[in-house]
Structures are given as structure tokens and as C-alpha cells.
Amino acid sequence: MPAERKKRSKRAAAESSTPTTTRSIAAKMRQPYPLPPFSLPPTNETTIDVRILPLPIVGKGIGRGLTWTLDKRPAEQLRKGMSVRFCTDVQMSGLGRLSAIADLRRHWVTFLVSGADQPCNLRVPIPWASLGDLEGYTHQHHYFNLAKLPPPHPSFAQRPAFQNEDENPYEFDIEDEEIPSLSNRIANITNAQEGK
């Protein structure tokens, strides 16, 4: 009986302790993925520090280059033309500018970021972005045609409005008199792309 207890306690101790391997040590010692070396000159306008996830994603239909994902809510909604500085727990980039929208999905918008040597993007949750009239109209009226993935940011995922896939949880302030013009612009863009 005592020998059996001894074996059980050794087995339990072995199962509860995580073995240290060279791979896990190397992962802890690895340097963080370097942020893009933005090099735009400082301006008089406000620069927003954006807290991003430490690892970018590549590909997956979101454009060229690395795509960084916004992790924490910024000081204000992000929009085209805004100056930004990427931040993680251990790094801070230089100055970049949100130059255009590269991708629009149900819960995310991806901005092209100018100022780096290589193509660079920033993926932002829709509630933390300020879309222009055309993008807002596109999102509102074509929501169910937009890609469902990635899912909403964890800050929103548990809210009831975001759990029902049959309803659009977003609303944009678009003037009624602007709708025909915006609808025509979308049709022209769609027709031009179909003709390519």
C-alpha cells in the first residue's frame, strides 16, 4: 500500500510539472517581432498611439505585406489620413499614416499604413473606426455579403447584438439624400471591376 501511494505521488508530480525544453526556453528568449520602421516626419496634427497584438498576420486575402491587429481601444476612432504610432508592451514604432481602406469585413476594417519601407496594414474593429460615407454605406447595405471572419474583437464578442448572425449590429449616420449618389458610386465600382 505505501509503495502504491509513492508511485501515485511521483506520477502526479510528473504530470503536474511542465517540462522545460530547449524549444520553450528559446521561445521565451526570442526577441519580439519588430514593428514596421515608419519614418514619416512629425506634423502638427495629433498622433494616436495604437496598441496592437505583438504578432502580425500575412496573407489570408487581406492585402500585401504584414497586417497588424488593433488590440486595445484607441483614444479616438481611427480614420483615413490619421497619424498613428504602433505600440506593444515592449516596442513603439515611428510615425505612420492611415492612407486608405484595403479591406472591409463584417466586424473589421483594414487600413493601408503609409510611411514604412514594406507594405503594412492595420486591422481595426468597426466600432473603433470612423468610416467615410462610401465605406459606411457599403458596410451597412452589404453587411451580409461581407466576410464573416475574423469574428468580432473579444471586447464585443459576448454582446447580444454581435451573437446574432441574422442582424447587423452596426449603424452609420448617412443622410437620405446621399444614398442615391452612394449607391451609384458602388454600382460604378462594381461594374468597373467586373469589366477587368
Name the one of [options] that satisfies side chain to side chain contact (heavy atoms under 4.5 Å, CB included) with [X]?
| X | options | answer |
| --- | --- | --- |
| Leu122 | Thr110, Leu112, Leu98, Thr67 | Leu98 |
| Arg97 | Thr43, Val113, Thr47 | Thr43 |
| Val109 | Leu78, Ile126, Asp103 | Ile126 |

With rounding to the nearest 0.5 angstrom, report the [atom1] to [atom2] distance, [X] to [Y].
| X | Y | atom1 | atom2 | value |
| --- | --- | --- | --- | --- |
| Phe111 | Leu70 | CZ | CG | 10.0 Å |
| Ile52 | Thr69 | CD1 | OG1 | 8.5 Å |
| Leu104 | His139 | CG | NE2 | 5.5 Å |
| Thr138 | Leu131 | OG1 | CG | 9.0 Å |
| Asn168 | Phe162 | CG | CZ | 9.0 Å |
| Ser130 | Glu76 | OG | CD | 9.5 Å |

Can you give me the closest heavy-atom contact between [X] and [Y], atom names plus distance?
| X | Y | value |
| --- | --- | --- |
| Leu95 | Pro42 | CD2-CA, 3.7 Å |
| Ser93 | Pro36 | CB-O, 3.6 Å |
| Ala75 | Ile48 | N-CG2, 4.4 Å |

Check: [Y] main-chain N/O paired with [X] side-chain donor or acceptor under 3.5 Å:
| X | Y | result |
| --- | --- | --- |
| Gln91 | Tyr33 | yes |
| Gln77 | Pro127 | yes |
| Arg105 | Leu149 | yes |
| Gln163 | Gln158 | yes |
| Glu167 | Asn164 | no |

May I have the step-by-step check of side chain to side chain contact (heavy atoms under 4.5 Å, CB included) for Arg106 and Phe144, ending in yes or no? CA-CA 8 Å; Arg106 284 190 179 185; Phe144 296 104; 3.7 Å; yes
Residues which pass side-chain contact (heavy atoms from CB on, under 4.5 Å) with Asp49, listed by chain and number, not counting sequence neighbours: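 Asp49: side-chain contact (heavy atoms from CB on, under 4.5 Å) contacts with Arg85, Cys87, Met92.
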Do [X] and [Y] sit in one hydrophobic cluster, given that two such residues count as connected whenever their side-chain heavy atoms are within less than 4.5 Å of each other, even indirectly?
| X | Y | answer |
| --- | --- | --- |
| Val58 | Val124 | yes |
| Leu55 | Trp68 | yes |
| Ile101 | Tyr143 | yes |

Does some side-chain heavy atom of Phe86 sit less than 4.5 Å from a side-chain heavy atom of Cys120?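 Yes; the side chains approach each other to less than 4.5 Å.
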Are Trp128 and Phe156 near enough that their ring centres are under 6.0 Å apart?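 Close enough - the centres of the two rings lie under 6.0 Å apart.
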For the residue pair His107 / Tyr170, report whether a side-chain donor-acceptor contact shorter than 3.5 Å exists.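 Short answer, yes.
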More than 12 heavy atoms of other residues, nucleotides or ligands under 6.0 Å from CD of Gln118: is that the case?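 Check fails, neighbour count at 12 or below.
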Under a 4.0 Å N-O cut-off, is there an ion pair linking Arg51 with Asp89?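 The answer is yes: the pair qualifies as a salt bridge.
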